[in-house]
Protein chains: 2
Amino acid sequence: MFYQKLLPFIQSSTKRTYKRSQSIYMEGEEPQSLYLVKSGLIGLYHISESGKETFLRVFAKDSIFGHRSYFAQTPYHANAIALSESEIHIISKEQCNEICENHPDLLKELMKIISLELGEAEQRLAGLLDKSANTRIRESLVFLKLKYPQKVWTRKEVADFSGSTLETVTRVMTTLSNDGLIQKNGRDFKILDVDKILHYIDSAQG
Amino acid sequence: MFYQKLLPFIQSSTKRTYKRSQSIYMEGEEPQSLYLVKSGLIGLYHISESGKETFLRVFAKDSIFGHRSYFAQTPYHANAIALSESEIHIISKEQCNEICENHPDLLKELMKIISLELGEAEQRLAGLLDKSANTRIRESLVFLKLKYPQKVWTRKEVADFSGSTLETVTRVMTTLSNDGLIQKNGRDFKILDVDKILHYIDSAQG
DNA sequence: CGTTAGTTTGAGGCAGATCAACTTTGGTGG
DNA sequence: CCACCAAAGTTGATCTGCCTCAAACTAACG
């Protein structure tokens with residue numbers, strides 16, 4: 001795996017800790033390094049002038065981030081924010097260059113990662129146009145909670161990820177809970193029936 | 001530039017011609033090659049089960065496509081369709097492998113291309129959520145027509161690119177034409193005042 | 001010129017955003 | 001351990017952008 005191959009470079013790298021809501025980098029800044037998540041959860045957010053927040057990507061243990069801007073050679077197009085207490089390895093530009101020059105296998109691995117990310121982004125782009133908010137919210141609940149079960153996802157985070165609002169997320173969750181498809185525990189929740197959540201007949205689109 | 005570096009590999013590659021609306025590859029197929037546009041215009045489309053078409057990317061002279069699926073090692077996630085008569089070089093999987101193994105500079109170049117594409121996709125994703133259809137249509141008109149002026153863009157193509165409908169595109173274009181910001185010539189149109197088109201006060205969002 | 005693909009215009013409806021007021025949760029410190 | 005309070009969640013009522021459906025029109029090409 002990618003992370004394994006990267007290990008030798010991490011030995012000599014800086015490690016930093018971030019608390020929830022702390023920013024690792026901000027849109028517009030020049031990329032100076034790559035980041036590797038050692039523990040915790042990082043969210044990549046786009047924030048528009050009007051203040052609308054869009055939750056673009058999640059990074060968990062062993063994921064890298066900051067790679068897009070590094071290779072595009074453009075300023076960051078979004079903000080990286082800790083979603084929970086996180087430890088991050090910071091890989092310097094010099095180390096990155098060394099990797100690129102002398103480790104084509106790692107480069108190819110990175111290529112695969114970014115290709116998958118582009119696929120996901122375009123899939124979501126299309127989904128925003130042909131799926132109802134209700135459907136997107138249900139898919140996001142399943143995706144986020146099954147992939148990162150330890151995290152207590154807020155309604156706002158689900159809303160920003162699904163492209164909706166926290167009020168609408170609340171309403172969908174209330175319905176799902178009443179139908180016994182999820183179980184609410186305080187602010188947290190549990191997925192009870194993945195299939196029914198995803199195949200729920202959405203009156204908005206049959 | 002990328003295209004220049006790729007030239008040696010193209011000499012021995014197959015060349016094919018596609019008519020407007022002809023498909024180069026379809027979603028779900030296994031990637032067998034990379035494609036390089038020699039002339040014409042290619043559109044990458046996602047088509048949902050309900051039939052909704054989303055226009056993801058445009059490829060003009062000297063752009064490659066098919067690279068995302070090739071490196072992600074997944075089936076194509078979208079359809080590549082000729083938007084006008086086009087000549088395409090087809091670079092075989094074997095040649096691709098050879099490039100990856102022995103030409104890290106080309107690989108890094110590809111990395112940059114795909115990083116920029118991911119940035120654009122995520123920018124558009126966020127735009128769908130915080131900009132009105134009206135704004136997105138005006139931006140798309142400017143982007144598509146200024147970047148590819150020779151192409152007579154249909155209302156449907158603009159709609160699929162902006163995430164809207166052809167009726168709404170028609171209405172926006174009628175307004176812009178009445179205000180003297182674009183000039184309609186039959187089915188084609190000309191951009192007259194980029195700044196005013198983009199800074200148009202959208203009553204929907206100020 | 002006939003035919004098809006593309007465009008225009010109108011009328012109607014609704015998903016879900018927005019605004020607002022209230023309740024609950026869970027961490028903090030006295 | 002309890003009281004407090006900021007952060008998060010709930011619920012209701014309203015409003016609208018623009019999608020959808022429908023029907024008539026026109027460009028462009030063989």
Could you check which of [options] has an atom nearest any side-chain atom of [X]?
X        : options               : value
A:Ala133 : C:dT7, D:dC18, C:dA17 : C:dA17
A:Thr168 : D:dT11, C:dT8, C:dG16 : C:dG16
A:Ser132 : C:dG16, C:dG6, D:dG9  : C:dG16
B:Thr165 : D:dT11, D:dG9, D:dT20 : D:dT20
B:Asn134 : D:dC18, D:dA22, C:dT7 : D:dC18

In B:Arg187, B:Arg20, B:Lys145, the residue satisfying salt bridge (charged side-chain N to carboxylate O under 4.0 Å, His left out) with B:Glu157 is B:Arg20
_Between the opening five pairs and the closing five pairs of the helix from C:dC1-D:dG30 to C:dG30-D:dC1, how far apart are the helix axes, to 10°?_
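Terminal axis comparison yields 50°.
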Does a side-chain N-to-carboxylate-O contact under 4.0 Å join [X] and [Y]?
X        : Y        : answer
B:Arg57  : A:Glu122 : yes
B:Lys15  : B:Glu87  : yes
B:Glu167 : B:Arg155 : no

Return no unless some side-chain N or O of [X] is found under 4.0 Å from OP1 or OP2 of [N].
X        : N      : answer
A:Thr174 : D:dT10 : no
B:Thr170 : C:dT7  : no
A:Arg155 : D:dA8  : no

Nearest-angstrom distance from the residue atom [atom1] of [X] to [atom2] of [N]:
X        : N      : atom1 : atom2 : answer
A:Leu166 : D:dT11 : CG    : C1'   : 12 Å
A:Glu167 : C:dA15 : CD    : P     : 18 Å
A:Asn178 : D:dT10 : CG    : C1'   : 12 Å
A:Leu128 : D:dC19 : CG    : P     : 13 Å
B:Phe189 : C:dT7  : CZ    : P     : 10 Å
A:Ile137 : C:dA15 : CD1   : P     : 14 Å
B:Asp188 : C:dA5  : CG    : C1'   : 16 Å
A:Lys19  : C:dG27 : NZ    : C1'   : 15 Å

Just to be sure I understand the rule, does B:Thr154 reach a base, reach only the sugar-phosphate, or reach nothing, if contact means heavy atoms closer than 4.0 Å?
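Contact class for B:Thr154: sugar-phosphate only.
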Across all chains, not counting sequence neighbours, the salt bridge (charged side-chain N to carboxylate O under 4.0 Å, His left out) partners of B:Glu30 are none
A:Ser84 meets the side chain to side chain donor-acceptor pair (under 3.5 Å) criterion, sequence neighbours left out, with none
Most 5' of A:Arg187 and B:Met173 on DNA chain C, judged by nearest nucleotide: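 The 5'-side residue here is B:Met173.
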Taking for B:Arg136 and for A:Lys184 the nucleotide of DNA chain D with the nearest heavy atom, the one nearer the 5' end belongs to A:Lys184
Between the base of D:dG17 and the side chain of B:Arg171, is there a donor-acceptor distance below 3.5 Å?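 Check fails, no donor-acceptor contact within cut-off.
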- request: Report the relative orientation of the aromatic rings in B:Phe65 and B:Tyr25; use parallel for angles under 30°, tilted for 30 to 60°, perpendicular for over 60°.
  value: tilted
Q) Does A:Arg124 count as lying over the ring of A:Phe161, i.e. NZ or CZ under 6.0 Å from the six-ring centre, within 45 degrees of the axis? A)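 The answer is yes, since A:Arg124 meets both limits relative to A:Phe161.
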